[in-house]
2 protein chains.
Amino acid sequence: MTDLNAPLARGGKPAEAKHGAGSPAGKGASVSETKLHEFAELLFFAYRDFTRDPDTILSDFGFGRAHHRVLHFVNRHAGLRVADLLGILNITKQSLGRVLKQLIDQGYIIQQAGASDRRERLLFATERGQELAERLAAPQLVRLSRALKAAGPGVETTLRQFLEAMINAEDRPQVSSIMSASSPQPGRGGTGEGS
Amino acid sequence: MTDLNAPLARGGKPAEAKHGAGSPAGKGASVSETKLHEFAELLFFAYRDFTRDPDTILSDFGFGRAHHRVLHFVNRHAGLRVADLLGILNITKQSLGRVLKQLIDQGYIIQQAGASDRRERLLFATERGQELAERLAAPQLVRLSRALKAAGPGVETTLRQFLEAMINAEDRPQVSSIMSASSPQPGRGGTGEGS
DNA sequence: GGGATTATGTCAGCCATGTTGACTTAATCT
DNA sequence: AGATTAAGTCAACATGGCTGACATAATCCC
């Protein structure tokens with residue numbers, strides 16, 4: 001990176017004092033606008049670096065961040081339908097189709113017709129897919145784990161509340177639903193193509 | 001969105017019990033791997049929605065998220081050099097050049113040669129640029145403010161520590177430096193070519 | 001003074017990943 | 001049987017990353 005440390009943007013901080021009235025979220029002991037801007041920037045930097053390690057690994061496989069997202073959710077929430085994934089990623093069917101097709105063609109994900117509704121294609125990570133997903137997740141989990149530790153005990157509840165509140169209210173039920181469901185096996189409970 | 005609520009990924013949660021040993025960040029009272037995955041997902045969803053409102057506004061102006069990032073940092077940290085911006089955004093000169101040029105040509109940002117080193121181009125948001133930047137920031141600040149409130153008092157310190165720890169260690173000094181510098185005015189402090 | 005380095009800008013082209021619109025197929029619902 | 005739904009696909013386009021090469025001006029250093 002460049003020398004941002006030294007001089008940079010010469011000039012003092014304008015010492016903004018606004019606090020109660022006129023603040024973004026209305027009444028209550030709200031945070032100053034300057035601090036809110038700082039949190040916005042920290043969130044940007046945190047997310048920028050959160051995605052960096054997996055991005056590096058992905059390029060070795062000829063994949064991009066889009067593949068990571070798909071593989072992650074399929075791996076962690078096996079049996080997801082295509083429509084579920086569209087809702088989670090908030091992209092179009094065509095965008096998803098492109099990366100999903102590559103993941104399937106290259107043996108990272110398999111599909112299986114739904115038992116109750118055979119139009120549905122339930123998605124599962126293959127063993128190969130699980131391996132890649134775990135490899136991509138590893139540095140992110142380390143980063144998260146360290147950051148949680150750095151923030152001290154009791155972060156968990158607080159952070160979870162914060163992050164959940166950052167999600168659009170109308171999407172929160174879906175998100176909770178996704179996060180509480182996990183990983184049944186592909187193939188029927190007695191039949192199909194192993195892990 | 002689609003019906004993620006209902007059935008979805010039929011099957012129970014595999015009740016993973018790993019805790020101390022072998023966990024991502026080494027020793028200490030670390031968080032279970034499942035919880036870490038949940039935080040990773042929450043971060044994804046939070047960031048997804050954090051960028052949504054400004055994205056909508058931007059499309060009315062024919063701009064994209066890249067323009068927002070540039071305008072934001074220039075507005076909040078007036079006098080930034082091009083090289084600083086490259087380090088912050090972590091993109092190439094050519095990528096930045098493309099969006100920066102549009103913002104300059106359309107009167108949202110102005111440049112000014114550095115006083116001490118006239119090769120440098122210090123960047124400043126024009127009044128028009130400030131207005132757009134504020135308009136884009138507004139929904140994000142509201143969202144943040146509400147989320148902070150939802151997480152309860154005392155979040156600020158904790159969250160700040162968490163987010164800072166999420167940033168690559170080697171970039172933290174730069175980030176702190178950026179965040180502590182703010183907004184001198186363009187035009188002379190005694191020397192150069194006014195706005 | 002003059003050559004090397006630095007900060008910035010720019011041209012040309014490539015790739016990943018988002019978008020819209022239209023259409024097909026198969027399965028399910030009414 | 002007809003309408004609807006889940007999924008897949010084709011074509012075309014926009015944004016915003018990337019590399020490589022090169023130009024200009026200012027500064028640094030011998």
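Below, chains carry the letters A, B, ... as their sequence lines are ordered, and counting in each starts from 1. Hydrogens, waters and symmetry mates are skipped; everything else that's a heavy atom, side chains included, is used.
For the ring-ring contact (aromatic ring centres under 6.0 Å, His included) condition, the pairs that include at least one residue of residues 98-121 of chain A, sequence neighbours left out, are A/F63-A/Y108. Judged as a ring-ring contact (aromatic ring centres under 6.0 Å, His included), not a single pair has a partner in residues 82-107 of chain B (not counting sequence neighbours). The ring-ring contact (aromatic ring centres under 6.0 Å, His included) pairs that include a residue from residues 125-177 of chain A number zero, where partners must be two or more places apart or lie in different chains.
By the ring pair (Phe, Tyr, Trp, His ring centres under 6.0 Å) test, A/F45 is found to be paired with B/F73, residues two or more places apart in sequence or in another chain being considered. With sequence neighbours excluded, no residue satisfies side chain to side chain donor-acceptor pair (under 3.5 Å) with A/T56. For B/Y47, the ring pair (Phe, Tyr, Trp, His ring centres under 6.0 Å) criterion is met by A/Y47, not counting sequence neighbours. A/S95 is linked by a side-chain contact (heavy atoms from CB on, under 4.5 Å) to A/I91, A/T92, A/R98, counting only residues two or more places apart in sequence or in another chain. Residues meeting the side chain to side chain donor-acceptor pair (under 3.5 Å) test with B/Q102, sequence neighbours left out: B/H67. For A/D60, the side chain to side chain donor-acceptor pair (under 3.5 Å) criterion is met by no residue, not counting sequence neighbours.
Each end of the helix from C/dG1-D/dC30 to C/dT30-D/dA1 gets its own rotation axis from five pairs of C1' atoms, and the angle between them is 30° to the nearest 10 degrees.
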Can you give one letter per nucleotide of nucleotides 20-30 of chain D, 5' to 3': B if a protein heavy atom sits under 4.0 Å from the base, S if only from the sugar-phosphate, - if neither? BB----BS---
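Rounded to an integer number of Å, the gap from A/R98 CZ to D/dA12 P is 14 Å. B/Q102 has its CD atom 14 Å from the C1' atom of C/dT10, to the nearest Å. Spacing between atom CD of A/E120 and atom C1' of D/dG8 amounts to 15 Å, rounded to whole angstrom units. Across the protein-nucleic acid pair, A/H67 atom NE2 and C/dC15 atom C1' stand 12 Å apart, rounded to whole Å. Taking atom CG of residue B/L86 and atom C1' of nucleotide C/dT6, one finds them 14 Å apart after rounding to whole Å. Per the geometry, CD1 belonging to B/I91 stands 13 Å off P belonging to C/dG9, to the nearest Å. As a whole-Å value, the separation of B/D55 CG from C/dT17 P is 17 Å. Straight-line distance from the CG atom of A/L103 to the C1' atom of C/dA16: 14 Å, rounded to whole Å.
Side-chain atoms of B/N168 do not come within 3.5 Å of backbone N or O of B/E170 as any donor-acceptor pair.
At the phosphate of C/dT17, neither OP1 nor OP2 sits under 4.0 Å from any side-chain N or O atom of A/S95. OP1 or OP2 of D/dC18 has at least one side-chain nitrogen or oxygen of B/T92 nearer than 4.0 Å.
The stretch residues 56-66 of chain A comes close to DNA chain C through A/G64, A/R65, A/A66, each having a heavy atom under 4.0 Å from the strand.
Of the candidates D/dG17, C/dT8, D/dA7, D/dG17 carries the atom nearest the B/R69 side chain, counting heavy atoms from C-beta on.
A salt bridge is defined here as a Lys NZ or Arg NE, NH1 or NH2 lying under 4.0 Å from an Asp or Glu carboxylate O, and B/D55 with B/R52 fails to meet this definition.
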